[in-house]
**Q** 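The structure is given below, and queries will be raised subsequently.
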Amino acid sequence: MTKSPTLHKRTLLAATLLAGVLALPGTALAQSPIVIKFSHVVAEQTPKGQAALKFKEVAEKKLPGKVQVQVFPSSQLFGDAKELEAVLLGDVQFIAPSLSKFDRYTKKIQVFDLPFLFDDIDAVDRFQSSPAGKGLLTSMTSRGLLGLGYWHNGMKQLSTNKDKLVLPEDVKGLKFRIQASDVLEAQFRALGANPQKMAFAEVYQALQTGVVDGQENTWSNIYSQKFYEVQKTIAETNHGLIDYMVVTNAKWWDGLPPDVKKGLTEAMDEATAYGNKLASDINAADKQKIADAGKAKIQKLSKQDVAVWRKAMEPVWKQFEGGIGRDLIDSALKSNQ
Ligand code: LMR
């Protein structure tokens with residue numbers, strides 16, 4: 001049976017209408033929210049975990065129906081090995097790796113890894129807010145990454161599976177997990193220890209099974225990952241920093257409608273202020289919880305002990321000064337005053 005002319009006309013009309021709807025901007029289809037995936041590697045109760053949730057809350061409030069932010073904590077979506085690549089490929093839109101993990105994209109950011117560079121987190125904050133610090137946010141745009149802000153975690157402590165951890169001689173020959181950073185590799189070599197680059201999600205098991213003897217991290221990471229359950233001593237060295245840069249895909253960001261860009265920038269600023277205020281409190285509380293658990297001993301160090309660690313790590317500065325730039329190191333040092 002052949003199609004009746006009326007039926008044929010109706011089919012044509014329906015097809016024409018559908019094509020029109022698909023082509024028209026501003027239709028129901030074009031109005032679906034922009035989905036923003038935010039992937040990170042730590043637990044939700046940490047400073048970064050809390051700041052990411054705050055960003056979601058504020059962004060969705062400021063841009064109702066326009067954006068939907070999905071936060072994936074604890075390496076659920078992408079771990080250390082893949083998250084930077086995932087942003088560049090557009091598989092996620094936001095990540096916040098620690099500043100130690102940008103080695104491959106710029107040598108300048110290595111400044112943050114120099115041992116004993118900053119006196120405390122307030123000095124870090126002053127440097128990040130300075131023109132030199134802010135300049136680093138756009139230092140990777142030619143590689144496709146745009147920094148939108150710095151988020152604090154805090155100062156690093158050193159832990160091992162040994163009873164004695166007071167001086168550098170106590171770590172000689174031990175294996176340490178490090179983040180993917182050449183500066184941190186040099187730091188442990190300067191101590192006569194053996195560094196091993198490893199993704200964050202693998203650290204607990206590596207410590208538990210003795211693949212490595214120790215690691216360096218903030219109180220909040222040591223607590224939330226339960227490292228204190230598989231380490232004997234945590235020395236309060238405060239020898240370095242774990243902070244983050246929130247980065248996005250520069251091209252994707254440039255293509256956003258102006259109102260969305262504005263709303264997201266404001267949400268980022270609010271989340272940054274919120275998380276950065278919380279970070280010290282979370283780390284102090286987690287240190288107390290580790291002490292209360294009574295599993296790992298917290299080793300306090302005297303000023304003299306700290307000076308010995310500082311001296312042992314000193315050669316690292318000279319080794320990386322060329323790539324980082326002396327001017328940047330000087331700007332960072334100025335923030336201690
Ligand atoms: C680590 O790998 O130890 C940290 O950078 C994890 C994090 O994101 O705090």
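Both ligands and their constituent atoms are indexed starting at 1 by order of listing. Below, all heavy atoms of this structure are taken into account, side chains as well, without hydrogens, waters or symmetry copies. Since we're looking at a predicted model, the values are computed, not measured.
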**Q** What part of N221 sits under 4.0 Å from ligand 1 if we count only heavy atoms: the side chain, the backbone, both or neither?
**A** side chain
**Q** So, is Q179 polar-close to ligand 1, with some N/O to N/O distance under 3.5 Å?
**A** yes
**Q** Find the distance between OH (Y228) and NZ (K295) and round it off to the nearest 0.5 Å.
**A** 6.0 Å
**Q** Check each heavy atom of K101 against ligand 1 and say whether those closer than 4.0 Å belong to the side chain, the backbone, both or neither.
**A** side chain
**Q** Check ligand 1 against S98 and write out every atom of the ligand that is under 4.0 Å from a heavy-atom position of the residue.
**A** 5 (O)
**Q** Heavy-atom pairs closer than 4.0 Å: do any link ligand 1 to the side chain of H40, the backbone, both, or neither?
**A** neither
**Q** Under 4.0 Å between a side-chain nitrogen and a carboxylate oxygen: does that hold for K66 and E60?
**A** no
**Q** Table please: side-chain donor-acceptor pairs of residues 277-285 below 3.5 Å, with sequence neighbours left out.
**A**
| residue | atom | partner | partner atom | Å |
| --- | --- | --- | --- | --- |
| N283 | OD1 | W219 | N | 3.4 |
| N283 | OD1 | S220 | N | 2.8 |
| N283 | OD1 | S220 | OG | 3.2 |
| N283 | ND2 | N153 | O | 3.1 |
| N283 | ND2 | N153 | OD1 | 3.1 |
| N283 | ND2 | A279 | O | 3.2 |

**Q** For the pair D182 and K197, find out whether any cationic side-chain nitrogen is under 4.0 Å from an anionic carboxylate oxygen.
**A** yes
**Q** Could you tell me whether R177 approaches ligand 1 through its side chain, its backbone, both or neither, with non-hydrogen atoms closer than 4.0 Å?
**A** side chain
**Q** Give me the other members of the hydrophobic cluster that L191 sits in, counting Ile, Leu, Val, Met, Phe, Trp and Tyr linked by side-chain heavy atoms under 4.5 Å, directly or via other members.
**A** F116, L158, L165, V166, L167, V171, L174, F176, I178, L184, F188, L301, V306, V308, W309, M313
**Q** Looking at R126 and D122, does any basic side-chain N land under 4.0 Å from a carboxylate oxygen?
**A** no
**Q** For atom 9 (O) of ligand 1, what is the closest protein heavy atom, and at what distance to 0.1 Å?
**A** Y244 OH, 2.5 Å
**Q** Under 4.0 Å, counting heavy atoms only: does K48 come that close to any atom of ligand 1?
**A** yes
**Q** Check each heavy atom of N217 against ligand 1 and say whether those closer than 4.0 Å belong to the side chain, the backbone, both or neither.
**A** side chain
**Q** Measure centre to centre between the rings of Y274 and F55, then say whether the value is under 6.0 Å.
**A** no
